[in-house]
J.: 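Before I ask anything, let me first share the structure, which is written out below as structure tokens.
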2 protein chains.
Amino acid sequence: MKNNNFRTFQGYMKQEEHLLSASMEDYLEMIYRLSKDTGFTRINELSEALNVHPPSATRMVQKLGLMNLLQYERYGVIILRAEGKKLGELLLLRHNIIEAFFRLIGAKAETLLAETEKVEHTLSDETVKCFEQFIAFIEENPDVLIRFKNFKVE
Amino acid sequence: MKNNNFRTFQGYMKQEEHLLSASMEDYLEMIYRLSKDTGFTRINELSEALNVHPPSATRMVQKLGLMNLLQYERYGVIILRAEGKKLGELLLLRHNIIEAFFRLIGAKAETLLAETEKVEHTLSDETVKCFEQFIAFIEENPDVLIRFKNFKVE
DNA sequence: GTATCATTTTAGGCATTGCTAATTTTTTTA
DNA sequence: TAAAAAAATTAGCAATGCCTAAAATGATAC
């Protein structure tokens with residue numbers, strides 16, 4: 001076995017010149033959700049939504065602030081900057097594509113959210129695009145889905 | 001947004017009574033691969049295969065040893081115990097299902113391995129089963145794949 | 001305006017898993 | 001069998017991101 005291409009999970013996650021870690025992506029996506037209507041969110045709301053304790057949210061928000069993805073001052077409100085907004089929107093879009101795709105192929109509803117939240121950090125743009133194309137394909141060819149469902153019953 | 005079900009990536013990865021962390025799964029899967037023919041492997045071979053440095057492999061192997069997944073003594077060979085073998089086999093099986101599925105829907109060959117290695121730690125058994133069923137479905141209905149490919153061209 | 005309450009921050013700790021440097025053990029070679 | 005080389009271990013550090021406890025700040029009520 002001279003195949004030099006394997007890595008551990010962490011090895012892969014580091015290797016890429018990922019601008020954002022998985023956690024950063026989670027925070028950014030959630031900030032985008034929460035501030036979509038009102039234009040802002042707060043540490044408390046954010047930490048509750050993500051089921052982390054406030055100090056964890058504070059630290060991450062400070063970090064995202066240093067990266068110029070959002071605007072934040074101590075004890076203040078969290079407002080996405082243009083770049084952060086753009087990323088957040090993409091992240092949410094990606095999330096929705098993956099979720100829709102999993103639903104299509106029959107993933108259990110109970111685990112759908114957790115599944116999507118985990119997977120979304122690990123898929124390449126190309127593969128997400130494949131998911132997207134498959135969704136569009138099924139929309140135009142609903143008979144395929146029916147055949148698949150029948151196949152599964154057997 | 002009172003939905004209490006979101007978590008950060010790490011939140012999800014911890015939450016489950018996961019016997020094995022993502023890294024543990026990687027090591028176990030690789031040990032299984034490497035010892036499949038010969039019945040054993042070594043720290044050096046393992047660390048090279050996973051692109052980590054030997055001390056990292058030593059530590060993880062010791063940990064897996066404490067979990068009774070493998071048999072190991074200082075400076076010795078690594079031999080999977082029954083439980084470790086069973087898990088390793090399942091992990092490799094899962095890996096292959098996911099890889100085959102991604103290939104089917106058209107994931108880029110260059111990123112296929114990395115993609116699979118990352119995703120495999122984040123999918124539920126049910127979803128992997130969906131992948132498996134889809135593969136079987138396409139095998140029995142190759143016309144669907146042709147239609148999908150044609151659809152993508154447009 | 002001050003006391004209370006809620007929110008947020010700071011400080012410090014923990015677990016994981018990677019790394020390097022130095023040491024120990026094993027294997028090979030001469 | 002003794003010296004050299006290779007392999008593996010130990011020890012200690014780093015980064016990430018979570019936590020708790022205590023302090024600081026802000027908002028509210030009287």
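Throughout, a chain's letter reflects where its sequence line sits, starting with A, and its residues are numbered from 1.
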J.: Grab the two heavy atoms, one from B:Ala57 and one from B:Leu46, that are nearest each other, plus how far apart they are.
T.: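 In terms of heavy atoms, the two residues are closest at CB-CD2, 4.4 Å.
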J.: Which nucleotide wins on minimum distance to the side chain of A:Arg59, given the candidates C:dT9, D:dC18, D:dT9?
T.: D:dC18
J.: Between D:dC18 and A:Tyr27, is there an OP1 or OP2 to side-chain N/O distance shorter than 4.0 Å?
T.: yes
J.: Is the phosphate of D:dA6, meaning OP1 or OP2, less than 4.0 Å from a side-chain N or O of B:Asn44?
T.: no
J.: Can you tell me if the side-chain N/O atoms of B:Ser23 get under 4.0 Å from OP1 or OP2 in C:dG18?
T.: yes
J.: What is the distance from CZ of B:Phe9 to C1' of C:dT16, rounded to the nearest Å?
T.: 14 Å
J.: What's the CE-C1' distance between B:Met13 and D:dT16, to the nearest Å?
T.: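 In whole Å, D:dT16 C1' lies 14 Å from B:Met13 CE.
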J.: So, does B:Thr8 get its side chain near the phosphate of D:dC18, meaning an N or O under 4.0 Å from OP1 or OP2?
T.: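 Yes, within the criterion.
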J.: Among B:Glu132, B:Glu25, B:Glu99, which residue satisfies the side-chain hydrogen bond (donor to acceptor under 3.5 Å, both in side chains) criterion with B:Arg94?
T.: B:Glu25
J.: Atom CD of B:Glu73 and atom P of C:dT25: how far apart are they, to the nearest Å?
T.: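 In whole Å, C:dT25 P lies 14 Å from B:Glu73 CD.
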J.: Parallel, tilted or perpendicular: which one describes the rings of B:His95 and A:Phe6, with boundaries at 30° and 60°?
T.: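 If you compare the ring of B:His95 with that of A:Phe6, the planes turn out tilted.
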J.: Which nucleotide, D:dC19, C:dT17, D:dT25, lies nearest any side-chain atom of B:Ser21?
T.: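 Of the candidates, C:dT17 comes closest.
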J.: Any side-chain N or O of B:Arg74 under 4.0 Å from OP1/OP2 of C:dT24?
T.: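 So the side chain of B:Arg74 is outside the cut-off, no N or O lying under 4.0 Å from OP1 or OP2 of C:dT24.
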J.: Let me know the distance between CD of B:Glu48 and P of D:dA6, rounded to the nearest Å.
T.: 13 Å
J.: Expressed in angstrom and rounded to an integer, what is the separation of B:Lys63 atom NZ from D:dT10 atom C1'?
T.: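 In whole Å, D:dT10 C1' lies 16 Å from B:Lys63 NZ.
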J.: What is the separation between atom CD1 on A:Ile78 and atom P on C:dT7, rounded to the nearest whole Å?
T.: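 Distance check: A:Ile78 CD1 to C:dT7 P gives 14 Å.
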J.: Go through D:dG17, D:dA11, D:dG12 for me and flag the one nearest to the B:Pro55 side chain.
T.: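 For the B:Pro55 side chain, the nearest candidate turns out to be D:dA11.
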J.: A:Met60 CE to C:dT9 C1': how many Å, rounded?
T.: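 Rounded to the whole Å, the gap is 16 Å.
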J.: Angle between ring planes, A:His121 versus B:Phe9, binned at 30° and 60°: parallel, tilted or perpendicular?
T.: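 Ring orientation of A:His121 relative to B:Phe9: perpendicular.
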J.: Any idea how A:Phe134 and B:Phe134 line up, ring-wise: parallel (<30°), tilted (30 to 60°), or perpendicular (>60°)?
T.: perpendicular
J.: So which nucleotide from C:dT17, C:dT9, C:dG13 ends up closest to the side chain of A:Gln62?
T.: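 The listed nucleotide nearest to A:Gln62's side chain is C:dT9.
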J.: Can you tell me if A:Thr58 touches the phosphate of C:dT10, counting only side-chain N or O atoms and a distance under 4.0 Å to OP1 or OP2?
T.: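 Checking C:dT10 against A:Thr58, no side-chain N or O comes under 4.0 Å of OP1 or OP2.
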J.: Is A:Arg42 close enough to C:dT8 that one of its side-chain N or O atoms is under 4.0 Å from OP1 or OP2 there?
T.: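 Result: yes.
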J.: Calculate the interatomic distance between A:His53 atom NE2 and C:dT9 atom P; express it in whole Å.
T.: 16 Å
J.: By nearest atom, which of the nucleotides C:dG12, D:dT9, C:dT9 is closest to the A:Tyr75 side chain?
T.: C:dT9
J.: Is the distance from OP1 or OP2 of C:dC19 to the nearest side-chain N or O of B:Ser56 less than 4.0 Å?
T.: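 B:Ser56 to C:dC19 OP1/OP2: side-chain N or O found under 4.0 Å.
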J.: List the steps and the verdict of side chain to side chain contact (heavy atoms under 4.5 Å, CB included) for A:Phe137 and B:Lys152.
T.: CA-CA 8 Å; A:Phe137 171 66; B:Lys152 278 167 65 163; over 6 Å; no
